[in-house]
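Report on one structure; see the data block that follows.
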Amino acid sequence: MSNPWFSVCLRNPGHWDIDGEGGRHFRIRGRPGDVLVNDERDGEEFGGRSRPWLHFPTVEAAMTWIVFQYLRLDAAPVDGESKP
């Protein structure tokens, strides 16, 4: 996935959608102290369609993790590692 793009949409308080090429990639739900992220990306490289919700203390922490997911997909392998 080269040049991944994404957009962030606040649908209502506690309800964020992260959209990318092909549709919604992540859902963020919850309130401060209890924020959940669901990874909805397709493909075996992402672990299939059914993945557990991840817990974060803040929306900022959840977004940091999501941005890292996009960055690591486009990163060059380091020290003989294979690209995820």
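The first residue of the sequence shown is numbered 1, and numbering continues consecutively from there. Note that the structure is a prediction, hence the values are computed from the model and not measured.
Atoms CD1 and CE, on Ile28 and Met63 in that order, are 5.5 Å from each other to the nearest 0.5 Å.
The only member of Val8, Ile18, Leu54 that meets side-chain contact (heavy atoms from CB on, under 4.5 Å) when paired with Phe26 is Ile18.
Inter-residue side-chain proximity for Ile66 and Trp16 is flagged as unmet; no heavy-atom pair is nearer than 4.5 Å. Counting heavy atoms from C-beta on, the side chains of His55 and Leu36 come closer than 4.5 Å. Put simply, the side chain of Glu40 does not reach to within 4.5 Å of the side chain of His25, judged on heavy atoms. Side-chain contact between Asp19 and Glu21: absent, with no pair of heavy atoms (C-beta onward) separated by less than 4.5 Å. Residues Asp17 and Arg29 are in side-chain contact: their nearest non-hydrogen atoms beyond the backbone lie under 4.5 Å apart. Side-chain contact check for Pro13 versus His15: every heavy-atom pair is 4.5 Å or farther apart.
A tilted orientation is assigned to the rings of Phe56 and Trp65, their planes being inclined by 30° to 60°.
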